[in-house]
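Taking it in order: structure first as structure tokens, then the write-up.
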Protein chains: 2
Amino acid sequence: MPQKTIICTVDVVLLCLRGSTLHVALWRRDRPPFEGSLALPGGYIHSEEDVDTLDAATRMLRAKTGLESPYLEQLGTFSGAGRDPRGWSISIAYYALVPVELIEADQAPGLILMPVDQLKGLPFDHKDIVLAAVQRLRNKSSYSSLPVHLCGERFTLPRLQAVYEAILGEPINKVSFRRKMDEFDMLEPVEGAFETGRANRPAQLYRLKAAYRQSLSVTPRAFLAGS
Amino acid sequence: MPQKTIICTVDVVLLCLRGSTLHVALWRRDRPPFEGSLALPGGYIHSEEDVDTLDAATRMLRAKTGLESPYLEQLGTFSGAGRDPRGWSISIAYYALVPVELIEADQAPGLILMPVDQLKGLPFDHKDIVLAAVQRLRNKSSYSSLPVHLCGERFTLPRLQAVYEAILGEPINKVSFRRKMDEFDMLEPVEGAFETGRANRPAQLYRLKAAYRQSLSVTPRAFLAGS
DNA sequence: ATTTATTAGTTGCATTGTGTTACTAAGTTA
DNA sequence: TAACTTAGTAACACAATGCAACTAATAAAT
């Protein structure tokens with residue numbers, strides 16, 4: 001006796017920072033259930049073409065946004081009888097980080113950005129999934145270099161600090177922050193490139209070192225441990 | 001058009017520390033595929049009785065080990081066409097931590113403990129899953145109180161330190177370790193209880209404070225952050 | 001031109017946290 | 001009672017972090 005059929009989908013929480021507010025990208029569902037509602041982009045696995053669920057998430061992201069290789073990581077699997085009106089279901093959720101410009105540069109016409117603190121009326125348990133993604137982002141941001149994936153290709157250190165502060169919701173000491181970024185050793189200054197157009201000293205532009213361009217982030221050495 | 005049927009199971013990586021070696025609990029499969037092989041305990045979701053996959057994992061653990069409330073956490077979902085001879089499949093994996101005595105006290109007659117560094121011939125991608133669980137345990141142990149769940153109800157600080165060292169694979173400074181445990185503030189001495197039977201000064205026995213008896217662990221304050 | 005305002009980036013110091021060494025404590029064994 | 005062993009603590013050196021005050025470089029105002 002094999003199993004009863006279980007509804008099994010992959011959903012993607014696409015996060016970006018507009019100004020200093022975290023947003024999720026939602027799209028309008030074009031089929032039941034909840035046809036017409038705003039929800040997380042997602043869908044069924046295509047077992048003929050998807051190598052695995054990561055591949056399925058990548059495919060959905062590409063289809064809805066045109067993005068080729070954003071930061072993308074499995075978030076977790078959400079399950080139960082209450083989340084889908086059709087019955088017991090599971091969703092394998094991923095979360096992605098992208099610079100907001102890539103979404104606003106209408107490569108992604110169908111997507112709507114919503115502040116993650118004002119979600120209401122999302123179908124399924126999509127609100128829980130978004131909140132789990134935000135929590136994961138906040139947690140990882142407190143000790144790693146993850147937030148760089150919310151910046152574009154070139155950015156200044158003050159901007160990156162502002163990104164951290166927006167995510168963590170509290171101010172960070174400037175000197176400590178710069179020391180930490182230096183210690184991560186993942187950034188390099190763009191020779192002779194500065195941020196222009198402001199009424200003050202121009203800030204140096206940085207970019208990720210080549211080794212970190214893909215879905216990577218840096219974590220400092222552990223707390224415990226020692227000789 | 002709904003989806004093709006996908007094989008969907010829940011598997012549990014039950015870890016414990018025997019001496020100073022991490023072990024996984026395996027059981028002999030009683031049905032195809034791989035009938036008779038040692039594999040992770042797992043099985044199909046019972047969508048009529050399982051509230052969600054965590055509930056399914058709890059049920060499987062209870063059925064195979066009698067354990068009621070060990071530390072249990074979702075590890076991740078593993079998927080693809082290559083992992084099951086029957087076709088494209090997914091497994092939602094959980095990992096659990098228990099004191100080794102609870103397994104050896106033959107409450108769990110069918111289980112066999114294998115050192116996690118000597119796994120071979122496991123079916124499906126169960127070796128990958130175990131290694132992912134071990135990696136997660138090592139990582140979390142480097143900054144949290146997670147390893148207490150591998151100790152019994154009462155334990156000494158030298159024993160707990162040995163547990164950390166076994167997991168992390170390197171020695172820890174005694175003074176720093178005790179300071180950190182003190183900072184976690186999750187342990188309390190058992191009044192007047194000491195470890196006996198050794199040819200030296202007896203060590204104070206500790207237990208988890210009530211608030212931490214369940215599946216919890218303590219994480220210190222973040223790296224970045226500060227006014 | 002010169003001054004003012006504003007933000008970038010650095011330097012030095014105070015404070016805190018961590019690792020090391022050496023001690024005292026409390027038991028067993030010879 | 002002396003020797004041995006491990007538990008637990010104290011004192012100090014050193015490293016990491018946070019803070020405040022500085023210099024640097026630009027645009028805007030005077």
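As a basis for the values below, the full set of heavy atoms in this structure was taken, side chains included, without hydrogen atoms, waters or symmetry mates. Chain A is the first sequence line, chain B the second, and so forth, proteins listed ahead of strands; every chain is numbered from 1.
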Quiz item: Are the side chain of Arg154(A) and the backbone of Val190(A) linked by a donor-acceptor contact shorter than 3.5 Å?
Solution: no
Quiz item: Which whole-number value in Å describes the distance from Arg178(A) CZ to dG18(D) C1'?
Solution: 16 Å
Quiz item: Short question: side chain of Thr53(A), backbone of Ala56(A) - any donor-acceptor pair under 3.5 Å?
Solution: no
Quiz item: When the distance from NZ of Lys174(B) to P of dA25(C) is rounded to whole Å, what number comes out?
Solution: 14 Å
Quiz item: Is there a donor-acceptor pair closer than 3.5 Å between any side-chain N or O of Arg29(A) and the backbone N or O of Ala39(A)?
Solution: no
Quiz item: Is a side-chain donor-acceptor pair under 3.5 Å present for Gln204(B) with Tyr206(B)?
Solution: no
Practice problem: Round to the nearest Å and state the distance from Gln161(A) atom CD to dG9(C) atom C1'. | Solution: 12 Å
Quiz item: In whole angstroms, how far is the P atom of dA25(C) from the CZ atom of Arg198(B)?
Solution: 21 Å
Exercise. Determine: side-chain N/O of Lys180(A) to OP1/OP2 of dT17(D), distance under 4.0 Å, yes or no.
Key: yes
Quiz item: Think Arg201(A) has a side-chain N or O under 4.0 angstrom from the OP1 or OP2 of dT6(C)?
Solution: no
Quiz item: Among dC19(D), dG8(D), dT17(D), which is the nearest nucleotide to the side chain of Val175(A)?
Solution: dC19(D)
Quiz item: Under 4.0 angstrom, heavy atoms only, what part of the nucleic acid is Arg179(B) near: base, sugar-phosphate, or nothing?
Solution: base
Quiz item: Separation of Met181(B) atom CE from dA7(D) atom C1', in whole Å?
Solution: 17 Å
Quiz item: Within the pair Asn173(B) and dT18(C), is there a side-chain N or O less than 4.0 Å away from OP1 or OP2?
Solution: no
Exercise. Round to a whole Å and report the spacing from CG of Asn200(A) to C1' of dA8(C).
Key: 7 Å
Quiz item: For the side chain of Gln74(A) and the backbone of Gly76(B), is there at least one donor-acceptor N/O pair under 3.5 Å apart?
Solution: no
Practice problem: Calculate the interatomic distance between Asp182(A) atom CG and dA8(C) atom P; express it in whole Å. | Solution: 18 Å
Self-check item: Among dA26(C), dT28(C), dC19(D), the one nearest Pro202(B) by side-chain distance
Solution: dA26(C)
Practice problem: Give the nucleotide from the list dT9(D), dA28(D), dT29(C) with an atom nearest to the side chain of Ala199(B). | Solution: dT29(C)
Exercise. Ignoring backbone atoms, test whether Ser176(A) places a side-chain nitrogen or oxygen under 4.0 Å from the OP1 or OP2 oxygen of dT17(D).
Key: no
Practice problem: Find the distance Tyr143(A):OH to dT17(D):P and express it as a whole number of Å. | Solution: 17 Å
